[in-house]
**Student:** 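First the structure, then my questions, so here it is.
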There are 2 protein chains.
Amino acid sequence: MSEYRLPTIKEIAKRLNVSVSTVSRALRDHPSIGLVTTMRVQNVAKELGYEVNRSAIHFKERKTYSIGVIIPNLSEPFFSSALTGIEDAVEANNYNVIIGQSLESFEREKRIVENMKDHRVDGILVSLTKETSSYEHFDGLKKYNIPVVFFDRIPSKKNINYVACNLVSGMLQAVTKLVSLGHKRIGLINGPAKLAATLQRLEIYYKCLKAHELQLDHEVIVSTSLSKADNRRAMTQLLDIAEPPTAVIVFNDYVLLDCIATVKARGLVINQDVSFISFANLPIWEYMDSVPLASIEQFAYQQSSMATDFLFQLIKHAGNPAGTEPPLLQHIIDSEMIEYTRTSGQ
Amino acid sequence: MSEYRLPTIKEIAKRLNVSVSTVSRALRDHPSIGLVTTMRVQNVAKELGYEVNRSAIHFKERKTYSIGVIIPNLSEPFFSSALTGIEDAVEANNYNVIIGQSLESFEREKRIVENMKDHRVDGILVSLTKETSSYEHFDGLKKYNIPVVFFDRIPSKKNINYVACNLVSGMLQAVTKLVSLGHKRIGLINGPAKLAATLQRLEIYYKCLKAHELQLDHEVIVSTSLSKADNRRAMTQLLDIAEPPTAVIVFNDYVLLDCIATVKARGLVINQDVSFISFANLPIWEYMDSVPLASIEQFAYQQSSMATDFLFQLIKHAGNPAGTEPPLLQHIIDSEMIEYTRTSGQ
DNA sequence: AATTTTAACGCAAACGGTTGCGCTAAATCA
DNA sequence: TGATTTAGCGCAACCGTTTGCGTTAAAATT
């Protein structure tokens, strides 16, 4: 049993006294093979339990029919649902997904890129590490004709393929809601400067304030390195201001969890003494006592599946004989505010 | 650029006027090639930026150097950290991980198995769907010499390779704690009968009660289909008993979240009117107002990395020339109780 | 000096399938 | 009926690497 080998087209050919090329074509319903021969071949193939050896084809076609996915952390719901989006988009194309978690480590991201290059994936989808600020490790891939599409956490660079999320739309909804509730002093707990998302959030913040003619006060803008301790420190910093903000926009739900704990530890009441708006839309709020007023959905699934479609376009293009330049595929989708109806949780 | 091709050993051979076999051996420091030749070959290889074509080797060796991982849902922290364990264990062997989420669908699980068989993975790691109760879709793999190792959610079958978690150890710790706190009437909210884990939890429950000489009352044993609504119904059922249990062992933390909400909706206080013990150890409790007394850690990372080691043993064995029967690799690791110190969350 | 050993390398097949081109015989055309 | 098209199939190269075996010349042995 250990020496069992799958039947090959050679054996089918031998059985029927035809050539391997005839078998090869017949199996794929090639028009230049007669109907009777095609039928006989396919019957014998079924009888023998023939299955095409993909490795042989991969080898000959110089393709692996697999794409690499590099993401920071699958334990984040955002990325795990992103992966589901990729899987679904890939299934139709009969491709395989090779996964690599960078775990927010730049070095690990580089290693994974190398490994995937070695394994000759046909393309790569990437969402960057928090640490990643240089992108040379992706440059090598272009030489090997391996297209790359970034999603969500994308490089701050021009000529790349990407799908990202426009946070303005969702945030404008949220700030509008805050203003309608009477809030005038809205703080911001932002992320580390390295992330493109951080700069983006800041710009959005400015836009929203301006849209509602609110006064800009740099005192209520703080930032966190995203560590638990620093999240708490940032929140504390805001609360210690002489006139603390009545509402705070927080980088994401993870940071918010720490902020809520900090506020509570002070004996303050969420959504009464201070209200929150956050990003990421974790699926946990419905179980929590204290929730933000709203969270901004960034559509992981949609981002990743569109990025996957982009990647397949590029892969298809790479297979073209002509040396035409590949297109630059870029798209930004709109975010949306998700409201949480509960008000207080004591 | 689009026609760019990587250098092959042929070109190195041509450059140096040696044969391809010499180059092949020299690149791998084969002893039968002279030192000078080896050096010259390796220098030219580096100069040309040579990289071995894995696809060619995969083809020739009839191996893909990739393993398949089939798990229900990456959005569950348990499975995402299991995947990390697999990745880490795999990295050392220069293998790739091909991922497939069954999303708790039996049909999808079958499809993924087929797909991975088609792609000739060298082995498969599986954690079963909740729906899965027949295992014929794995039988075909043995014929193709593709070893399978199950972990955590394993088939109720004898001659399989698996790593699972023994819940007795952790649960005994937990019940001992409950008893020491004065609890005498301990309920159980169990999972669906299909799951092996459900039967296991029931047996453990019996064992624990017997160990502490507590009275067994089937009235306080209910079960849930794991849906949100049914979780709440199960908890309500327990609270509606004339003499409700003062402590409840819950199938897992997800169910527990619903139970806690149900209890609170009744105006009861967690860890005062009713205490909980749960499984799975979600990383969310530290942010919650209401927490279980303890949760039982099932060591996803350790389970999966051991399962991966098992798989590599089997893969290695499959490569053996002799037709010797592969070993049966089975292991059960102990669970542990994780205590949560906070008492009440109002 | 004749023989055996050994070091160093080349030859060629093999892995399984695809594909451009050529060939033959039948069908179609003029 | 002779010339031309076409349907149906085979030949053989090719993809890149590995490996058993053969070959040659130098080194070691007797």
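Letters go in sequence order (proteins before strands), and every chain restarts at 1. Note that this is a predicted model, so its numbers are computed, not measured.
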**Student:** Would you please classify the geometry between the B/His58 ring and the B/Tyr65 ring as parallel, tilted or perpendicular, with 30° and 60° separating the classes?
**Tutor:**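 Tilted: the ring planes of B/Tyr65 and B/His58 meet at 30° to 60°.
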**Student:** Could you pull out the closest heavy-atom pair between A/Gln303 and A/Cys165, with the gap in Å?
**Tutor:**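 Of all heavy-atom pairs spanning A/Gln303 and A/Cys165, the closest is NE2-CB, 3.3 Å.
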**Student:** Classify the nucleic acid contact of B/Ser55 as base, sugar-phosphate or nothing, counting any heavy atom under 4.0 Å across all strands shown.
**Tutor:**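 If one applies the 4.0 Å heavy-atom cut-off, B/Ser55 turns out to touch nothing in the nucleic acid.
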**Student:** Any donor and acceptor pair, going by atom type alone, linking the side chain of A/Thr308 with main-chain N or O of A/Ser304 inside 3.5 Å?
**Tutor:**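 Side chain of A/Thr308 to backbone of A/Ser304, a donor-acceptor pair under 3.5 Å: yes, one is there.
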**Student:** Have a look at A/Val18 and say if it touches a base, only the backbone sugar-phosphate, or nothing, with a 4.0 Å heavy-atom cut-off.
**Tutor:**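 A/Val18: backbone/sugar contact only, no base atoms under 4.0 Å.
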**Student:** If I take atom OH in residue B/Tyr65 and atom P in nucleotide C/dC15, what distance separates them, rounded to the nearest angstrom?
**Tutor:**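 Interatomic distance, OH of B/Tyr65 to P of C/dC15: 17 Å.
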**Student:** Let me know the distance between CD of A/Glu11 and C1' of C/dC15, rounded to the nearest Å.
**Tutor:**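 It works out to 13 Å between those atoms.
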**Student:** What is the separation between atom CD1 on A/Ile33 and atom P on D/dG10, rounded to the nearest whole Å?
**Tutor:**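 Distance check: A/Ile33 CD1 to D/dG10 P gives 7 Å.
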**Student:** Calculate the interatomic distance between A/Lys63 atom NZ and C/dG17 atom C1'; express it in whole Å.
**Tutor:**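 To the nearest whole Å, that distance equals 16 Å.
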**Student:** Are any side-chain N or O atoms of B/Arg120 and backbone N or O atoms of B/Arg62, one a donor and one an acceptor, separated by less than 3.5 Å?
**Tutor:**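 Here the side-chain-to-backbone pair does not exist.
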**Student:** Given atom NE2 of B/His30 and atom P of C/dG10, what is their separation to the nearest angstrom?
**Tutor:**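 Between P of C/dG10 and NE2 of B/His30: 14 Å.
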**Student:** Please work out which of the three classes, parallel, tilted or perpendicular, describes the rings of A/Phe310 and A/His331, given edges at 30° and 60°.
**Tutor:**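 It falls in the perpendicular class, over 60°.
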**Student:** Hey, is the main chain of B/Phe151 close enough, under 3.5 Å, to the side chain of B/Ser127 for a donor-acceptor pair?
**Tutor:**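 Yes: the side chain of B/Ser127 pairs with the backbone of B/Phe151.
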**Student:** In the 5'-to-3' direction, what one-character label does each nucleotide of nucleotides 15-26 of chain D receive under the scheme B = base within less than 4.0 Å of a protein heavy atom, S = sugar-phosphate only, - = no such atom?
**Tutor:** BBBBBB------
**Student:** In whole angstrom, give the distance that lies between atom CG of A/Asp29 and atom C1' of D/dA7.
**Tutor:**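 The answer, rounded to whole Å, is 17 Å.
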